[in-house]
*Asks:* 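One structure, as structure tokens, below. Some questions next.
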Amino acid sequence: MDANPANFPDADGRLRMQDPRKQYPQPPFSKQPQPAPGLAQDMDPKPDHGETSYRGSGKLEGRKALVTGGDSGIGRAAAIAFAREGADVAIVYTPSEEKDAREVIELIEAEGRKALALPGDIKDQAFCKTLVDEAVRELGGLDILVNNAGKQKTQPEIGDVTAEQFDHTMKTNLYAMFWITKAAADHLPAGASIINTASVQAYKPSEGLLDYATTKAGIVAFTKALSKQMIKKGVRANVVAPGPFWTALQPSGGQTQEMVEKFGEESTFGRPGQPVELAPIFVLLASQEGSYVTGEVYSATGGSEAVA
Ligand code: NAD
Ligand code: MG
């Protein structure tokens, strides 16, 4: 997945110190349109989800995790890292992403962990209930819930945002998070962790992401309110807010192809983040090492101004 030899751990499992600006590919990238949701395996260059670079150290031994959108991008990086840290992992994705999902299932199983594939459409309320029930039954409980699946479709003006698009963005990014969290809440024991993926868009919305940015601000507010309820059961809830990350979301309609060509250029790193660069943040928030962290937004925006 990664051409930079410095990103492979040495014989002792350590990563070398290096200039983070040069660590991963920089723009220009080629135009690469895909239908949504896109496939990570069809991207050029392929994203680094930690397949070769993430090393675990038992931080999540025996935990049971559910990651929506765990087939690709940020969710895949979290799923791989969780498995390498010792967790069993269920991933949710749409049936059209089966090829990406299979790779993740194999990577989880290669760690000797249980992997559960849950294909379906989270815009469907009944599926959101079913997927939680199935994860709890098959994994034998639930300790980590990551609401990460998302829809992003750029449009130049409000007149171009159809009622159907607005509805699908709300259902995927907000309603599903509500339905899944509601179904999971009673299963989560003290010490469990909920992590919701928002975005820098919650704070610095782009003009072309009207509906998407609205949902991301909603995810932050939802999680902060939820954290106050859940801590009464000893459960923490936090947000991860990424800046530009090299994932299938972007070339499959999240950005225009012209924006894809220079994706990440505006960050102070001059490049987009790679999904693996978020993995340690998900692990920290999921693990007992994050024991005093709740209701917080953990940003990795590429040097954009602090957002929370
Ligand atoms: P991605 O396309 O790899 O992952 C998104 C996943 O959402 C897909 O893999 C798909 O499985 C899932 N999904 C979408 N609609 C679904 C549906 N109806 N039913 C079931 N699953 C569905 O892209 P990503 O960038 O890794 O996205 C993960 C999260 O990160 C999203 O919430 C996105 O908004 C957020 N995010 C991404 C960026 C970025 O620059 N890539 C920046 C900020 C936030
Ligand atoms: Mg995907």
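Note that ligands are numbered from 1 as they come in the structure, with each ligand's atoms numbered from 1 the same way. Because the structure is a prediction, the values reported are computed rather than measured.
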*Asks:* Within the structure, is a non-hydrogen atom of Ala36 found at a distance of less than 4.0 Å from ligand 1?
*Replies:* no

*Asks:* Please work out whether any backbone atom (N, CA, C, O) or any side-chain heavy atom from C-beta onward of Ile74 is under 4.0 Å from ligand 1, and answer side chain, backbone, both or neither.
*Replies:* both

*Asks:* Among His168, Gln250, Lys216, which residue places a heavy atom closest to atom 40 (O) of ligand 1?
*Replies:*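 Of the listed residues, Gln250 has the closest heavy atom.
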
*Asks:* Is the closest heavy-atom distance from Gly243 to ligand 1 below 4.0 Å?
*Replies:* yes

*Asks:* Enter the distance from Lys123:NZ to Lys171:NZ here, rounded to the nearest 0.5 Å.
*Replies:* 9.0 Å

*Asks:* Which atoms of ligand 1 are found less than 4.0 Å from any heavy atom of Pro242?
*Replies:*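 Within the 4.0 Å cut-off of Pro242, ligand 1 contributes 42 (C), 43 (C), 44 (C).
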
*Asks:* Atom 12 (C) of ligand 1: which protein heavy atom is closest, and how many Å away?
*Replies:* Ala149 CB, 3.5 Å

*Asks:* Using a strict 4.0 Å cut-off to heavy atoms of Asp71, name the atoms of ligand 1 that fall inside it.
*Replies:* 8 (C), 9 (O), 10 (C), 11 (O)

*Asks:* For a quick check under 3.5 Å, do Ser30 and Glu261 share a side-chain donor-acceptor pair by atom type?
*Replies:* no

*Asks:* I want to confirm something. Looking only at heavy atoms, which of Leu131, Leu39, Asp124, Ile122 is nearest to atom 17 (C) of ligand 1?
*Replies:*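 Comparing heavy atoms across Leu131, Leu39, Asp124, Ile122, the nearest one to atom 17 (C) of ligand 1 lies in Ile122.
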
*Asks:* Could you please compute the angle at the Mg ion (ligand 2) from OE2 of Glu97 to OG of Ser72, rounded to 10°?
*Replies:*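 Taking the Mg ion (ligand 2) as the apex, the two atoms subtend 170°.
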
*Asks:* Just by distance, with hydrogens left out, do Thr197 and Asn147 show a side-chain donor and acceptor under 3.5 Å apart?
*Replies:* no

*Asks:* Select the closest option to atom 11 (O) of ligand 1 among Lys171, Gln34, Glu97, judged by heavy-atom distance.
*Replies:*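 Residue with the shortest heavy-atom distance to the ligand atom: Glu97.
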
*Asks:* What distance separates Arg137 CZ from His187 NE2, expressed to the nearest 0.5 Å?
*Replies:*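 One finds 10.5 Å between CZ of Arg137 and NE2 of His187.
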
*Asks:* Does ligand 1 have any atom that is closer than 4.0 Å to a heavy atom of Phe127?
*Replies:* no

*Asks:* Looking only at distances, can you tell me whether any N or O atom of Tyr93, backbone or side chain, sits closer than 3.5 Å to an N or O atom of ligand 1?
*Replies:* no

*Asks:* So that I know where these two stand, are Trp246 and Tyr24 an aromatic pair - ring centroids less than 6.0 Å apart?
*Replies:*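 Ring centres of Tyr24 and Trp246 not closer than 6.0 Å.
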
*Asks:* Check whether Asp71 reaches the backbone of Tyr93 with its side chain - one donor and one acceptor, N or O, closer than 3.5 Å.
*Replies:*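 No.
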
*Asks:* Is the shortest heavy-atom distance from the side chain of Val293 to the side chain of Leu284 under 4.5 Å?
*Replies:*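 Sidechains of Leu284 and Val293: no contact.
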
*Asks:* Provide the closest heavy-atom pair for Ala198 versus Ile219 in the form atom of the first, atom of the second, distance.
*Replies:* CB-CG2, 4.0 Å

*Asks:* Backbone, side chain, both or neither: what part of Ala176 comes under 4.0 angstrom of ligand 1, heavy atoms only?
*Replies:*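 Within the 4.0 Å criterion, Ala176 makes no contact with ligand 1.
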
*Asks:* Hey, is Arg271 close enough to Glu277 for a salt bridge, meaning N to O under 4.0 Å?
*Replies:*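 Result for this pair is yes, salt bridge flagged.
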
*Asks:* For Ala198 and ligand 1, answer yes if some heavy atom of the residue is under 4.0 Å from a ligand atom, otherwise no.
*Replies:*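 Yes, Ala198 has heavy atoms under 4.0 Å from ligand 1.
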
*Asks:* Write down the atom of Lys262, the atom of Glu266, and the distance for their closest heavy-atom approach.
*Replies:*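 Looking at all heavy atoms of both residues, the closest pair is O-OE1, 4.3 Å.
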
*Asks:* Among the N, O or S atoms of Asp71, which one sits nearest to the Mg ion (ligand 2)?
*Replies:* OD2

*Asks:* For Ile144, is there any backbone N or O sitting under 3.5 Å from a side-chain donor or acceptor partner on Arg63?
*Replies:*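 A pair under 3.5 Å: no.
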
*Asks:* Using every non-hydrogen atom in the two residues, find where Pro272 and Pro25 come nearest and quote the distance to one decimal.
*Replies:*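 Looking at all heavy atoms of both residues, the closest pair is CD-O, 3.8 Å.
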
*Asks:* From atom 32 (O) of ligand 1, work out which of Thr197, Ile219, Asn148, Thr169 has a heavy atom at the shortest distance.
*Replies:*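 Answer by nearest heavy atom: Asn148.
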
*Asks:* Tell me the protein heavy atom at minimum distance from atom 25 (O) of ligand 1, and give that distance in Å.
*Replies:*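 It is Thr247 OG1, 2.6 Å.
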
*Asks:* Between Asp42 and Gln32, do the side chains contain a donor N or O and an acceptor N or O under 3.5 Å apart?
*Replies:* no

*Asks:* Could you find the nearest protein heavy atom to atom 15 (N) of ligand 1 and give me its residue, atom name and distance?
*Replies:* Thr172 CG2, 3.5 Å

*Asks:* Considering distance alone, does some N or O of Gly69 sit under 3.5 Å from an N or O of ligand 1?
*Replies:*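 Min N/O separation from ligand 1 is not below 3.5 Å for Gly69.
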
*Asks:* So how far is it from Gln41 CD to Arg102 CZ, rounded to the nearest 0.5 Å?
*Replies:*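 It is 12.5 Å, given to the nearest 0.5 Å.
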
*Asks:* Hey, are Glu258 and Lys31 close enough for a salt bridge, meaning a charged N less than 4.0 Å from a carboxylate O?
*Replies:*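 Answer for the salt bridge query: yes.
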
*Asks:* Could you name the option among Gly73, Pro37, Ser72 that has the heavy atom nearest to atom 4 (O) of ligand 1?
*Replies:* Ser72

*Asks:* Side chain, backbone, both or neither: which part of Asp121 has a heavy atom under 4.0 Å from ligand 1?
*Replies:*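 The answer is both, backbone and side chain.
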
*Asks:* Any N/O of Gly75 closer than 3.5 Å to an N/O of ligand 1?
*Replies:* no

*Asks:* Give the residue and atom name of whichever protein heavy atom lies nearest to atom 27 (O) of ligand 1, and the separation in Å to one decimal.
*Replies:*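 Scanning the protein heavy atoms, the shortest distance from atom 27 (O) of ligand 1 goes to Leu249 CD2, 4.1 Å.
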
*Asks:* Mind checking whether Lys151 contacts ligand 1 via backbone (N, CA, C, O), side chain (CB onward), both or neither, at a 4.0 Å heavy-atom cut-off?
*Replies:* neither

*Asks:* Considering only heavy atoms of Thr94, which atoms of ligand 1 have at least one such atom less than 4.0 Å away?
*Replies:*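 Listed by number with element: 11 (O), 16 (C), 17 (C), 19 (N), 20 (C), 21 (N), 22 (C).
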
*Asks:* Does ligand 1 come near enough to Trp246 that some N or O of the ligand is less than 3.5 Å from an N or O of the residue?
*Replies:* no

*Asks:* Among all protein heavy atoms, pick out the one at the shortest distance from atom 33 (C) of ligand 1; state its residue, atom name and that distance to 0.1 Å.
*Replies:*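 The closest one turns out to be Tyr212 OH, 3.4 Å.
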
*Asks:* Could you tell me, atom by atom, which parts of ligand 1 come under 4.0 Å of a heavy atom of Gly120?
*Replies:* 19 (N), 20 (C)

*Asks:* Using a strict cut-off of less than 4.0 Å between a Lys/Arg side-chain nitrogen and an Asp/Glu carboxylate oxygen, indicate whether Lys64 and Asp143 qualify as a salt bridge.
*Replies:* no

*Asks:* Test side chain to side chain contact (heavy atoms under 4.5 Å, CB included) on Ile74 and Phe245; report intermediate values, then the result.
*Replies:* CA-CA 8 Å; Ile74 294 163; Phe245 274 76; 4.3 Å; yes

*Asks:* List every atom of ligand 1 that sits less than 4.0 Å from any heavy atom of Pro244, numbering the atoms from 1 in the order shown and giving each element.
*Replies:* 40 (O)

*Asks:* So which protein heavy atom does atom 14 (C) of ligand 1 come closest to, and at what separation?
*Replies:*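 I find the closest protein heavy atom is Gly150 O, 3.4 Å.
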
